[in-house]
Amino acid sequence: MKKYIKIAIFGVLSWALGACSDSVERDPSPTVSPDCVGAYFSETNTYNYELDPAITSITLTVGRDKSDAAVTVPVKVLSNSDNIFVIPESVSFAAGESETTLEVTFPNAEMGTEYSFEITFDSEYINPYKGASLSRTVMQRIKWESIGMGVYVDGTVSTFFGVSPMAVGLEIEKADLGSSIKYRFYNAYAPAEYYISKDPVIYDGYPYNETFLGDRLFVLTSTIDGVSMQVAKTGLDLNYGEMIIGSVYGNLSNDIKTYPLGTITGDVITFPLNSLFIQDNDGASPAGKNETKLYLSIDAYKASLQ
């Protein structure tokens with residue numbers, strides 16, 4: 001992929017180097033009792049939730065290695081945001097039962113606020129060499145509402161591959177969280193199959209993509225500071241690996257003057273030059289040639305052409 005600017009993702013990697021000596025004393029590895037039940041959190045659990053406000057509970061699956069006898073395993077709470085979660089003090093297994101569930105409720109959680117909790121089990125009930133004995137779960141309640149079809153006009157791929165920006169029609173959802181407003185849509189770069197409109201030309205997908213790689217979600221967040229795009233896979237691979245897109249500011253750089261957030265005016269969200277980046281196997285680069293726009297209605301897109 002042709003690059004105009006190369007940006008190194010912010011991060012600090014450090015190594016601690018120390019002298020080694022035969023006299024260094026090391027703590028012995030923990031021993032596991034043959035009677036230990038080996039409680040763990042199942043790999044099938046989801047640990048990041050975005051839920052409808054009507055939902056007031058989530059369920060975690062808990063397993064154990066030794067299942068011959070009935071047992072009750074105490075649950076230890078390591079953290080609980082604003083004590084919003086009601087977490088059981090223990091989880092019980094019947095004799096012969098290798099899995100059970102643990103229900104966590106949050107009847108007083110505010111909409112749009114992110115909460116988290118972290119739990120584990122008493123050390124005598126876990127095998128540190130097997131399974132996940134620690135669970136950190138993040139939850140946010142959001143009510144999404146459809147605002148109908150809008151139009152997405154990409155300025156990133158056109159910047160680096162010299163193709164014309166194309167209008168893609170897609171269904172948009174909105175969530176008003178008070179201090180911020182979120183917008184989401186799917187498959188802005190999925191292969192095009194037909195015209196939504198021929199005058200003006202609006203496709204149902206991205207004409208330069210021929211391979212569907214699966215559903216891809218795009219989320220924009222509008223605050224008093226501007227509009228950001230959450231880093232997301234695009235579903236577009238032009239022989240350099242699947243592209244990733246997102247806001248430069250907050251992800252690749254903290255220089256908001258050089259890499260500004262998007263703006264919203266009326267029913268049009270605009271990501272100006274150098275606001276968004278795309279990344280493939282060659283690295284990440286900001287789009288400095290064309291703007292990317294999301295029109296929140298087809299009428300708004302048509303009005304922009306007049």
Side-chain angles (χ1 to χ4, degrees), residues 9-11 41-62 75-89 91 101-121 132-147 171-186 188 215-234 244-254 256 259-264 269 271 275-277 294 296:
I9 296 178
F10 276 36
F41 294 98
S42 172
E43 293 180 352
T44 63
N45 288 324
T46 298
Y47 294 110
N48 200 323
Y49 291 87
E50 186 178 279
L51 303 173
D52 187 276
I55 298 175
T56 59
S57 68
I58 56 177
T59 300
L60 299 178
T61 298
V62 179
V75 174
K76 294 179 64 176
V77 179
L78 303 180
S79 65
N80 184 353
S81 297
D82 299 330
N83 288 319
I84 206 73
F85 297 99
V86 181
I87 303 171
E89 294 181 353
V91 59
T101 58
L102 183 149
E103 184 180 44
V104 177
T105 62
F106 38 88
N108 299 318
E110 298 287 339
M111 187 172 72
T113 301
E114 185 175 279
Y115 302 97
S116 66
F117 66 88
E118 192 169 21
I119 56 177
T120 186
F121 307 112
S133 59
L134 182 70
S135 167
R136 184 178 188 276
T137 303
V138 179
M139 182 279 299
Q140 187 176 40
R141 299 167 75 178
I142 295 182
K143 179 66 175 179
W144 291 99
E145 296 180 343
S146 173
I147 60 173
E171 294 291 332
I172 303 174
E173 292 179 300
K174 175 182 176 180
D176 190 341
L177 306 180
S179 60
S180 66
I181 296 177
K182 288 182 177 288
Y183 301 89
R184 73 177 183 183
F185 49 90
Y186 289 85
D215 290 326
R216 298 292 188 265
L217 173 65
F218 300 83
V219 179
L220 313 184
T221 301
S222 175
T223 68
I224 192 172
D225 298 319
V227 184
S228 61
M229 178 183 287
Q230 180 178 303
V231 175
K233 293 181 178 180
T234 62
I244 295 172
I245 191 171
S247 292
V248 175
Y249 178 73
N251 293 301
L252 305 184
S253 172
N254 290 323
I256 197 169
Y259 306 105
L261 293 174
T263 60
I264 181 167
I269 295 175
F271 290 100
S275 180
L276 300 180
F277 74 90
L294 178 67
L296 301 180

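Numbers here are sequence positions counted from 1.
- The distance between the ring centers of Phe85 and Phe117 falls below 6.0 angstrom.
- The main-chain N or O of Tyr249 is never found under 3.5 Å from a side-chain atom of Ser247 such that the two would form a donor-acceptor pair.
- With a 4.5 Å cut-off on side-chain heavy atoms, Leu220 and Phe271 count as touching.
- In this structure, Ala188 and Phe218 approach most closely via the heavy-atom pair N-CE1, 3.5 Å.
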Verdict with supporting geometry, Val219 and Met229, side-chain contact (heavy atoms from CB on, under 4.5 Å): CA-CA 6 Å; Val219 179; Met229 178 183 287; over 6 Å; no
Run the side-chain contact (heavy atoms from CB on, under 4.5 Å) test on Ile87 and Asn80 for me, step by step, so that the C-alpha distance in whole Å, both residues' side-chain angles and the decisive distance to 0.1 Å come before the verdict. CA-CA 9 Å; Ile87 303 171; Asn80 184 353; 4.1 Å; yes
Are Thr61 and Leu102 close enough, and set up right, to give a side-chain contact (heavy atoms from CB on, under 4.5 Å), and what steps lead you there? CA-CA 6 Å; Thr61 298; Leu102 183 149; over 6 Å; no
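- Between Phe185 and Glu171, the closest heavy-atom pair is CB-O, 3.4 Å.
- Residues Thr59 and Glu103 have side chains that never bring a donor and an acceptor to within less than 3.5 angstrom of each other.
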Scan the side chains in residues 134-143 for donor-acceptor partners under 3.5 Å anywhere in the protein, sequence neighbours excluded, and list what turns up.
residue: Ser135; atom: OG; partner: Thr137; partner atom: OG1; Å: 3.4
residue: Gln140; atom: NE2; partner: Gly112; partner atom: O; Å: 2.7
residue: Arg141; atom: NE; partner: Pro53; partner atom: O; Å: 3.4
residue: Arg141; atom: NH1; partner: Ala109; partner atom: O; Å: 2.9
residue: Arg141; atom: NH2; partner: Pro53; partner atom: O; Å: 2.1
residue: Lys143; atom: NZ; partner: Asp52; partner atom: OD2; Å: 3.4

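- Of all heavy-atom pairs between Ser57 and Phe106, the closest is N-CZ, 3.4 Å.
- Applying the side chain to side chain donor-acceptor pair (under 3.5 Å) criterion to Thr221, with sequence neighbours excluded, gives Lys182.
- Between the Asn251 side chain and the Val248 main chain, no donor and acceptor come within less than 3.5 Å of each other.
- Within the 4.5 Å cutoff, the side chain of Thr56 has no heavy atoms near those of the Thr105 side chain.
- Here Glu145 does not pair with Lys174 in a salt bridge; the nearest charged N to carboxylate O distance is not below 4.0 Å.
- A 4.5 Å side-chain heavy-atom check between Thr101 and Val62 finds every atom pair outside the cut-off.
- Checked by atom type and distance alone, the side chain of Ser180 never pairs as donor or acceptor with a backbone atom of Thr223 at under 3.5 Å.
- When all heavy atoms of Ile172 and Leu294 are compared, the pair lying nearest together is CD1-CD1, 3.8 Å.
- Checked by atom type and distance alone, the side chain of Asp176 never pairs as donor or acceptor with a backbone atom of Ile181 at under 3.5 Å.
- Here the side chains of Leu296 and Ile269 are in contact, with some heavy-atom distance below 4.5 Å.
- Taking the ring centroids of Phe121 and Phe41, they lie under the 6.0 Å cut-off.
- Within the 3.5 Å criterion, the main-chain N or O of Ser133 finds a donor-acceptor partner in the side chain of Thr120.
- Tyr183 places no side-chain N or O within donor-acceptor distance of the main-chain N or O of Ser222, the cut-off being under 3.5 Å.
- Proximity of Leu60 to Tyr47: side-chain heavy atoms (C-beta onward) are separated by under 4.5 Å at one or more points.
- Of all the heavy atoms in Ser275 and Gly262, the pair that sits closest is OG-N, 3.8 Å.
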Test log, rule salt bridge (Lys or Arg N to Asp or Glu O under 4.0 Å), inputs Glu89 and Lys76: CA-CA 7 Å; Glu89 294 181 353; Lys76 294 179 64 176; over 6 Å; no
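- Taking CG of Leu217 as the start and CD of Glu173 as the end, the distance is 9.0 Å to the nearest 0.5 Å.
- Considering only heavy atoms from C-beta on, Val231 comes within 4.5 Å of Phe277 through its side chain.
- For the residue pair Val227 and Leu261, the shortest heavy atom distance occurs at O-CB, 3.5 Å.
- For the pair Ile55 and Tyr49, the minimum side-chain heavy-atom distance is 4.5 Å or more.
- Leu51 has its side chain within reach of Ile58: a pair of non-hydrogen atoms, C-beta onward, lies under 4.5 Å apart.
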